[in-house]
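What you see is a predicted model, and the numbers here were worked out from it, not measured in a lab. Order of listing sets the numbers, starting from 1, for every ligand and every atom in it. Positions are given from 1 along the sequence. As a basis for the values below, the full set of heavy atoms in this structure was taken, side chains included, without hydrogen atoms, waters or symmetry mates.
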Amino acid sequence: MKKNQTVIVTGASQGIGAAIVQAFLDRGYNVVATSRSVSKAGFAPSANLALVDGDIGQAATAEKVAQTAVAKFGSINHVVNNAGIFSAKPFTEYTAGEFRNLVSTNLEGFIFITQLAVKQMLSQGIGGSVTTITASLATNPIAGLPASISMITKGGLNAITVSLASEYAKSSIRFNAVAPGVVDTPLHKSNPKDFLKTLSPMGAISDSKDVADAVVYLTEARHVTGEVLHVDGGAHSGRW
Ligand SMILES: NC(=O)c1ccc[n+]([C@@H]2O[C@H](COP(=O)([O-])OP(=O)(O)OC[C@H]3O[C@@H](n4cnc5c(N)ncnc54)[C@H](OP(=O)(O)O)[C@@H]3O)[C@@H](O)[C@H]2O)c1
């Protein structure tokens with residue numbers, strides 16, 4: 001149990017983010033949960049939970065989230081950058097607007113809140129962690145499932161995770177990523193399960209809890225930094 005530790009979770013209203021919020025509440029953390037509509041997500045009210053609505057690609061939302069964490073709980077100890085959008089299509093069919101949306105949510109959504117959290121962690125002087133949800137597809141593309149422009153963002157997040165792990169190691173602020181394969185969330189509501197099962201050697205679809213368990217592990221793994229942990233049924237380990 002982690003009394004008096006505060007974790008910010010983005011993209012918290014459903015799917016993987018909602019499971020991450022619940023996992024940290026169950027372990028006694030204070031949680032600041034944010035997404036555009038998180039206040040309507042149906043979380044049971046709790047003294048350990050603060051909800052902030054807003055688009056995480058906007059700097060003003062990140063400000064509000066960081067201020068809420070400090071005002072309500074007195075610290076920011078951990079961040080989980082989970083908010084993300086995904087679209088799969090041939091490279092030539094992506095529009096400029098789709099690219100900008102991907103950059104806004106997946107990259108600016110990481111940068112703004114992580115900058116504020118790192119500044120706060122540095123002022124607290126006791127380290128912390130940042131865990132980011134990327135994607136197995138970023139380094140292990142699957143023929144028949146093209147997602148190149150989406151993967152610019154996820155590959156970029158893997159890269160900045162390693163850079164920041166190096167930059168802040170001496171301040172004991174750790175940076176890790178979880179790279180899921182296919183996870184059963186509303187993101188896949190229009191994709192047939194029989195097809196999704198073919199996308200990993202284990203022939204199975206992960207639950208949000210499988211990803212949340214990996215996030216909790218990395219958040220508490222005090223000597224693990226710069227790591228990308230695949231939760232993908234073996235999809236990163238080669239052809240099947
Ligand atoms: N499901 C998979 O198979 C899979 C595989 C690999 C990686 N991932 C990654 O895992 C993460 C979570 O995915 P998921 O499957 O749980 O997705 P999801 O069910 O679509 O949920 C996405 C979450 O992000 C929030 N969100 C979206 N755009 C936002 C924005 N502009 N500002 C703030 N919040 C925003 C949504 O809430 P609001 O609508 O309330 O804003 C929602 O809570 C994403 O980064 C995704 O890329 C998922």
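Note: an N/O pair closer than 3.5 Å links Ile16 and ligand 1 by distance alone.
Residue contacts with ligand 1 for Thr134 involve N, CA, C or O but no side-chain atom from C-beta outward (heavy atoms, distance under 4.0 Å). Heavy atoms of Ala41 found under 4.0 angstrom from ligand 1: none, in either backbone or side chain. Contacts between Thr105 and ligand 1, counted as non-hydrogen atom pairs separated by less than 4.0 Å, involve the side chain only.
Gly181 O, 3.9 Å is the protein heavy atom nearest to atom 4 (C) of ligand 1. Closest protein heavy atom to atom 44 (C) of ligand 1: Asn82 O, 3.2 Å. Of all protein heavy atoms, the one closest to atom 17 (O) of ligand 1 is Leu187 CD1, 3.5 Å. Summary of contacts: the protein heavy atom closest to atom 18 (P) of ligand 1 is Gln14 NE2, 3.3 Å. Among all non-hydrogen protein atoms, the one lying nearest atom 41 (O) of ligand 1 is Arg36 NE, 2.7 Å. Among all non-hydrogen protein atoms, the one lying nearest atom 32 (N) of ligand 1 is Ile56 N, 2.9 Å. Closest protein heavy atom to atom 22 (C) of ligand 1: Gly84 O, 4.1 Å. Scanning the protein heavy atoms around atom 15 (O) of ligand 1, the nearest turns out to be Thr185 OG1, 2.5 Å.
Atoms of ligand 1 lying under 4.0 Å from at least one heavy atom of Lys154, given by number and element, are 44 (C), 45 (O), 46 (C), 47 (O). Within ligand 1, counting atoms from 1 as listed, the ones closer than 4.0 Å to a heavy atom of Val182 are 3 (O). Counting the atoms of ligand 1 from 1 in the order shown, those under 4.0 Å from a heavy atom of His188 are 1 (N), 2 (C), 3 (O). If you number the atoms of ligand 1 from 1 as listed, the ones under 4.0 Å from a heavy atom of Asp55 come out as 30 (C), 31 (N), 32 (N). Atoms of ligand 1 lying under 4.0 Å from any heavy atom of Ser35, numbered from 1 in the order shown and given with element: 33 (C), 34 (N), 37 (O), 38 (P), 40 (O), 41 (O). Below 4.0 Å from some heavy atom of Gly54 lie the following atoms of ligand 1, by number and element: 32 (N), 33 (C). Within ligand 1, counting atoms from 1 as listed, the ones closer than 4.0 Å to a heavy atom of Ala12 are 43 (O).
Between the side chains of Ser39 and Asp53, at least one donor-acceptor pair of N or O atoms lies under 3.5 Å. Between the side chains of Thr114 and Asn81, a donor-acceptor pair is found at a separation under 3.5 Å.
The closest side-chain heavy-atom distance from Leu229 to Asn176 is not below 4.5 Å. In this structure, His78 and Thr6 have side chains that are not in contact, with every pair of non-hydrogen atoms separated by 4.5 Å or more. Two residues are said to be in side-chain contact when any heavy atoms from C-beta on lie closer than 4.5 Å; Val182 and His188 meet this criterion.
Taking every heavy atom of both residues into account, Ala33 and Leu49 meet most closely at CB-CD1, 4.0 Å. The shortest heavy-atom contact between Ser208 and Ala19 is CB-CB, 3.6 Å.
Using a 4.0 Å cut-off between charged side-chain N and carboxylate O, Glu220 and Arg27 make a salt bridge.
Across the listed options Gly15, Gly11, Pro180, Gly11 owns the non-hydrogen atom lying nearest to atom 24 (O) of ligand 1. When Ala33, Ser37, Ser104, Ser13 are ranked by how near their heavy atoms come to atom 37 (O) of ligand 1, first place goes to Ser13. When the options Ile133, Thr61, Asn106 are ranked by their closest heavy atom to atom 9 (C) of ligand 1, first place goes to Ile133.
At distances below 3.5 Å, not a single donor-acceptor pair connects side-chain atoms of Ser37 with backbone N or O atoms of Lys40. Listed for the Gln14 side chain is no donor-acceptor partner under 3.5 Å among the backbone atoms of Thr185. Looking at Asp232, its side chain does come within 3.5 Å of a backbone N or O of Ala235 through a donor-acceptor pair.
Contacts classified as ring-ring contact (aromatic ring centres under 6.0 Å, His included) and involving residues 219-240 (residues at least two apart or in different chains) are given here: His230-His236.
Criterion: ILVMFWY side-chain heavy atoms under 4.5 Å apart, direct or through other members. Under it, Phe73 and Val70 are part of a common hydrophobic cluster.
Taking a 4.0 Å cut-off on heavy atoms, Gly57 fails to register as neighbouring ligand 1. Ligand 1 has no atom lying under 4.0 Å from any heavy atom of Ala179.
With Phe86 as the partner, the side-chain contact (heavy atoms from CB on, under 4.5 Å) test is satisfied by one option alone out of Leu137, Thr105, Thr153: Leu137.
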